[in-house]
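The analysis underlying the following values was restricted to heavy atoms, covering all of them including side chains, and did not include hydrogens, waters or symmetry mates. So you know, we letter chains A, B, ... as the sequences are listed, proteins then strands, and number each from 1. Since the structure is predicted, the reported quantities are computational estimates derived from the model, not experimental observations.
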2 protein chains.
Amino acid sequence: MNNDLTIARAAHLKPIADIAHEMGIGPDLLETYGNSVAKIKLEAIHALSDRPKAKYVVVSAITPTPLGEGKTTTTVGLGQAMHQVGKRATIAIRQPSMGPTFGIKGGAAGGGYSQVVPMESLNLHLTGDMHAVTSAHNLLSAMLDNHLFRGNELNIDTHSITWRRVLDVDDRALRNIVVGLGARNDGIPRQTGFDITAASEIMGVLALSTSLQDLRTRLGNIVVGYTNNNEPVTAEQLRAAGAMTVMMRDAIKPNLLQTLENTPVLVHAGPFGNIAHGNSSIVADLIGIHTGDYLITEAGFGADMGAERFFNIKCRTSGLVPDAAVVVATVRALKVHSGAHRVVAGKPLPSAILQENPDEVYAGGANLRKQIENIKLHGVSPVVAINSFPGDFASEHDVIREIAESMGARVAICTNFSNGGKGAIELAEMVAEAANEPNDFHLLYPDNASLREKIETIAVKVYGAEGVDYLPAANRQIEVYEQNGFGSLPVIIAKTHLSISSDPSLKGAPTGWRMPVREARASVGAGFVYLICGDISTMPGLSTHPAAESIDIDESGEIVGLS
Amino acid sequence: MNNDLTIARAAHLKPIADIAHEMGIGPDLLETYGNSVAKIKLEAIHALSDRPKAKYVVVSAITPTPLGEGKTTTTVGLGQAMHQVGKRATIAIRQPSMGPTFGIKGGAAGGGYSQVVPMESLNLHLTGDMHAVTSAHNLLSAMLDNHLFRGNELNIDTHSITWRRVLDVDDRALRNIVVGLGARNDGIPRQTGFDITAASEIMGVLALSTSLQDLRTRLGNIVVGYTNNNEPVTAEQLRAAGAMTVMMRDAIKPNLLQTLENTPVLVHAGPFGNIAHGNSSIVADLIGIHTGDYLITEAGFGADMGAERFFNIKCRTSGLVPDAAVVVATVRALKVHSGAHRVVAGKPLPSAILQENPDEVYAGGANLRKQIENIKLHGVSPVVAINSFPGDFASEHDVIREIAESMGARVAICTNFSNGGKGAIELAEMVAEAANEPNDFHLLYPDNASLREKIETIAVKVYGAEGVDYLPAANRQIEVYEQNGFGSLPVIIAKTHLSISSDPSLKGAPTGWRMPVREARASVGAGFVYLICGDISTMPGLSTHPAAESIDIDESGEIVGLS
C-alpha cells in the first residue's frame, strides 16, 4: 500500500466551492483560500437555519495506546461511507498543531484511504487560525507585562499571574523562563513560561464561542491573575479584549476542506484534550448541522475524556443534541488493556501482541465496556467501530463484537484505512440505525451543582473512582472560584488519557481507586474550571530525532516527510 | 476629510483575479485568499519572462522625522497617478508588522486617498507570511536548544549562540530572558531573548531569495553560533532547514492587493530597515517587472539607508537595474533638519514649525541635497516628490524646488493624500521622463572588496563621515568573518534612521564626524554582514496607552481603531 502522502497527492480534489455548493453554501458565504480550502462566514449559521437538521454523531474511542487508535481515520472513513450509501455527511474535526507535526507525529490528517486533503494545508498553517490564537494570546501577555512596567495601576499580585505566553512549537526550553531581564526599560523581571498554542485558553474560547460578539465577551472575561486583594483581573480591564478580537476576526470562521472521496470536512479550533475540552468548534457544528443528513464530529482521546466533555461542555453550550456516539476500538489496544503488553510511541509493537489471542482481547474488554457505559450514561446510542488492522484475527474481532452486543451497542468492522469509504459501510449503516432511534440525551450534572459535586459526579460515574481527595491548594482555589461566581461553570478533569483513571499505569477499567485533585484552575473566558489530577505537560519537547529532521522539499519543490 | 478607515471602507475594490488579469497573470498562476487578496505562484517569474520589462522605480526619502514623511502614501499615489496618465504601473511594498500596528502606529497602508486595500488584511495577518517566518525561526530555536539538551554533539559554545527567538508583538519583557529553567527535562538554562519577527534573519532570507530552492539553500546557510573551536554552526547541520523551508513554502509567494484606485500592489516580506536591508522581496519584483510599464517599489527609511541597500544589496542579488529614484521630502522635515525644531512621535507638532519660513526650509535643505547625491552616486536619475500638507506655503515649496533643480533633480508637488492619483500626476510625468533617460546604474563597491572597504565606502561616500573607528570586538568579528569566507557579502550599517550620520541628534547633512563600529554580525543565510553603529532595538515596547487599547469591533462586527 502507498504511504499517506502519496495517496493524498493522487486524490482527485473537487474545487472547494463545489464542495460548499453541495452543502448548500453559496459563494456569498465563502472565502476561498486557494482552490481547495475555504473559510465559511458566520452568517451561514443564520442563512442555513431553516434547512433540515442533520443527525449529530460524535466519534470517540476506548482508552488509546500512545500510538492512537485511528479515531480520525475512522471519522473520515465514516463520512466517506455515508456518501457511499447515498447519504450526505459533513465531518467536523480539530485543527492539528504544528508543534507535534514537526515533533513526533509528522502529520495528523487521518490515514491511508481515509484522509483529509490537502493534507499539507491541514498539517501546516491552514488559514492561520493557530497563529491568530498565538498573536492574540501574546498581545495580552505583552499588555499585561506592560501594565506592570507602567506602574501596575490595577495592583496585580505578580505571583498570582496565571497568564503565560504561547507558541505552536515543541520547545521544552520555554516551559520555565524568566522575562524582563536587562535594563530598566526592558520590563519587570518575573518567572513565567510558554505553553503550546493548543493549550491557550483562547483556543478554548475559539472552540466554545457561538458568535463573534460572544467571542469578544469571552476574551474580555479571561482572568489573567488576581490583585493583591484577591480580585480577579480580566483582559477587559487590561483593555486588550477588543484588539484580541480583531486579531481573531478571521479565525472565528470555520475552515472547509474535503476527504479523499470529496466528503466535506469542517476543520476548526484545536483545544487540548487534557486541560481543555478537546473538541472542535461550536460554530463549525452550528453550520454543519444544516448541511446534510449527518454531521460527524470527533472528540479527543477516549470516551471518558473527549466524549464526556462533548456532552457536558460543548453540547451544554451549543444546545445541539447528539443522536449517536461511535466508540473506536482496536485489537491491539484491548490487548494492552489486558495488562499483558506495553506499547511505546516511536518503537515497533512487541511481537507478542501480534499473536492470535482472543482471551487477551476479552480480558482487556473491560475498558470497552466502561467506555460504552460512559456513552449510555448520557442517554446516547453507542456504536462500536472496530478499526481493523491487517494482522488482526477474526476470533479477536468476534470477541469485541460479543462484548459490544452484550452491552447493548451496535458494532461494525472497519477497513477504511485500506479501502476508503467502502470499508466503513457497515459502520455507516449501524450509525444510521442508532441515530434514528428515540433520543434520551441528558447532561450529567446541572449548572447549579457545586464544583465539587461536578468533579465527583465525573470521577465516580465516568471514571469509576471510589471518591475524590483534594489537596489543600485545590480546596482553597475551589473556594475562591465559588466566591468569584465561577462555580456555575462546567468542569474538566485534567488527567492522563492513557487510563480511565488518573493513573496512566492502570489499564482496563480500574476500580477501587480515589482521584487526587492537586490544583484547580479557571478558564473563565473559555467557560470552564479545570482540575489538575496528574502530570500534565502544556509544552511538549522534541525527541532526539524529531520529525522535522525528515521533512523537506524535493527537487521539484514538493514536500517530503509529512504523513 | 474622512479618516483612513472610512475612506478604505468606501473603496470600490475589483475582484483580485481581475487585477491579476490586467497584469497578465492568469488564474493558473493565482491562489486567491478571499475576493480581494491573492498569492502569485513563483512559476509566474518564468511564465512572464518573455513579456516587456517595466521601468523600475525606487521610492526613497530624505531623512525622516519620527512621524514619517509619507513614503508609502507617495508610492501608492505615484502608482495611482501612472494609471491616470494611461500607463500601467505595479507597486511593490513591504508587509507591515502587527507589533507596531497594535503598538504605536495603528496601521501602515499609506493614507488618505492613497491607500492599499483591504487595509484590514494588510495590517493584520494578511496571508500568514509573518507567522510562517515566526514558525520557521522558532522551530530552529527549539531544535538548537534540543541539540544542547540531547548532549550537544556539534560541540556548540552556548555563549556564542546568536540565534534568538521571534514574535510579531511589541513585548519589552521578552528582550532578555533566561530559558531552560525547571527540572532536568526542561532543557539547559541559558540567557537569550526574543526579537520582533521583522528582525528575524529569515525575513531577510525571504526578501532576498530568488526561488524556492534558493530559499532552501539560504535557510541552510544560517549560522546560529559557533563551536568551541570557532567553527560556524548552521541550520543545515542542525537538520532544520528542510522543515523550515516547508513552513515557508507558501510565504515565498508574493501577495497581491490593490490601491483605492485599483492599481496592483505586491506586498511581500518586511525586513527591518536598520539591521536588515529594509526592502520588499526580490521575487515580487521579478514578477512585477513584467506586469506593466512601471514597477514602483518602496525602500525603507531615508535614501542613505533603504535606497543604498536597494541598490547595493537587492539589485546586486536580483540583477534588476533601476531606472529612476524618487526622494520624498516634506516641508516639516526640512525645517527639522535646520536644527530649529524637535518633533516627537505621538505628540502634536510644535506650533512654530507651522509658520511660513522658507529660510528654515533652505537651511534644512542640506539633507535633501545629500540624499539626492546618494541617488546620483549610483548613476540613477533622482526625482524629488514634495509630499505637501494643507498648511504648507508656496514659498516653502519653491525653496525645495530650487534645491532639487540645483542638484539636477526633477521635482513635483504631490497632493495625493487628499486627491488620490490625480494629486501625483506631475510626479508621474517627472518619473516617466527620468526613467526614460539613458541609464548609468552601478553598484558602489565590488563583491571582492574587503568588509572594511565596503563599510568605509558607505560611511564616507553615502553618510559623509570622515572615517570609521572600530571597537576591538568589531575588529575581531570582522576578522573571523573574513576567515570564514563571509567577506564577499555586502554590508549593512545598522544605525539610526533619524540622521544621515550614526548620531540621531545630528540633523541636515552632518560632516566632520567619524563612524564608530561597535560590533559586527553576520546574516549568512540572508546574505549580508551588518555592523552595529548605534543603539538598535530589535524588540519594541508598548507605550502607556498602546494603539491596541483603541482597536475593537463595533456592534456589527466591523473593525474600529485601525488607521
Side-chain angles (χ1 to χ4, degrees), chain A residues 31-35 98 102 124-125 127-128 131-132 134-135 138-139 141-143 145-146 149-150 167-182 185-188 191 212-213 216 239-240 242-243 245-247 249-250 541-542 544 546 548-549 551-553 557 559 561-562, chain B residues 31-35 98 102 124-125 127-128 131-132 134-135 138-139 141-143 145-146 149-150 167-182 185-188 191 212-213 216 239-240 242-243 245-247 249-250 541-542 544 546 548-549 551-553 557 559 561-562:
Chain A
E31 294 172 358
T32 54
Y33 283 64
N35 208 31
M98 281 206 295
F102 287 85
L124 297 173
H125 310 281
T127 57
H131 297 312
T134 303
S135 298
N138 294 328
L139 175 66
S141 311
M143 291 177 79
D145 269 301
N146 195 52
F149 173 68
R150 298 287 173 187
L167 272 179
D168 189 10
V169 62
D170 288 6
D171 191 345
R172 68 180 75 242
L174 289 179
R175 286 173 187 157
N176 300 289
I177 68 173
V178 171
V179 298
L181 300 174
N185 271 328
D186 298 331
I188 307 290
Q191 187 162 350
L212 183 63
Q213 298 294 350
R216 172 70 183 75
R239 305 187 62 182
T245 306
V246 167
M247 284 180 165
R249 188 185 63 130
D250 289 320
L542 293 172
T544 308
E549 292 188 354
I551 296 174
D552 207 334
I553 55 164
I559 295 172
L562 279 181
Chain B
E31 294 172 358
T32 54
Y33 283 64
N35 208 31
M98 279 205 296
F102 287 84
L124 297 173
H125 311 280
T127 57
H131 297 312
T134 303
S135 299
N138 294 329
L139 176 65
S141 310
M143 291 176 79
D145 269 301
N146 195 52
F149 173 70
R150 297 291 174 185
L167 271 179
D168 189 9
V169 63
D170 288 5
D171 192 345
R172 68 181 75 242
L174 289 178
R175 287 175 186 156
N176 301 287
I177 67 173
V178 171
V179 298
L181 300 173
N185 271 328
D186 299 330
I188 307 290
Q191 187 162 351
L212 183 64
Q213 298 294 349
R216 172 70 182 74
R239 304 186 64 182
T245 306
V246 167
M247 284 180 165
R249 188 185 63 130
D250 290 320
L542 293 172
T544 307
E549 292 189 353
I551 296 173
D552 207 332
I553 54 164
I559 296 173
L562 279 181

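- When side chains are defined from C-beta on, Gln213(B) does not count as touching Thr245(B), because their heavy atoms never get closer than 4.5 Å.
- Chosen from Gly187(B), Ala243(B), Gly182(B), the residue pairing most often with chain A at heavy-atom distances under 4.5 Å is Ala243(B).
- If you measure heavy-atom distances from Asn146(A) to chain B, the contacts under 4.5 Å come from the side chain alone.
- Going from atom CD1 of Ile188(B) over to atom CG of Leu181(B) covers 11.5 Å, rounded to the nearest 0.5 Å.
- Only the side chain of His125(B) has a heavy atom closer than 4.5 Å to any heavy atom of chain A.
- Taking chain B as the reference chain and counting heavy-atom pairs below 4.5 Å, the highest number among Arg216(A), His131(A), Met98(A) is found for His131(A).
- For the set Arg172(B), Glu549(B), Met143(B), Glu31(B), the count of heavy-atom pairs under 4.5 angstrom toward chain A peaks at Arg172(B).
- Contacts of Thr32(A) with chain B are made by both backbone and side-chain atoms, with heavy-atom separations under 4.5 Å.
- Between Asp186(B) and Phe149(B) there is no side-chain heavy-atom pair separated by less than 4.5 Å.
- For Asp250(B), no part lies near chain A; criterion is any non-hydrogen pair under 4.5 Å.
- Ala240(B) does not touch chain A: none of its heavy atoms, backbone or side chain, sits under 4.5 Å away.
- Contacts of Asp145(A) with chain B are made by side-chain atoms alone, with heavy-atom separations under 4.5 Å and no backbone atom involved.
- Ranking Leu124(B), Asp168(B), Leu167(B) against chain A, the residue ahead of the rest is Leu167(B), based on heavy-atom pairs under 4.5 Å.
- Using a 4.5 Å cut-off between heavy atoms, Val169(B) touches chain A through its side chain atoms alone.
- Of the atoms belonging to Met247(B), heavy atoms from both backbone and side chain fall under 4.5 Å from chain A.
- Both the backbone and the side chain of Thr544(B) come within less than 4.5 Å of a heavy atom in chain A.
- Interface residue Leu139(B): backbone and side-chain heavy atoms are both found under 4.5 Å from chain A.
- Scanning both residues, Ile559(B) and Val246(A), for their nearest heavy atoms gives CD1-CG1, 3.8 Å.
- For the pair Leu212(A)/Ile553(B), a side-chain contact is recorded, criterion being any heavy-atom separation below 4.5 Å from C-beta on.
- Residue Leu542(B) touches chain A through both its backbone and its side chain, counting heavy-atom pairs closer than 4.5 Å.
- With respect to chain A, the highest number of heavy-atom pairs below 4.5 Å among Gly557(B), Pro546(B), Ala548(B) belongs to Ala548(B).
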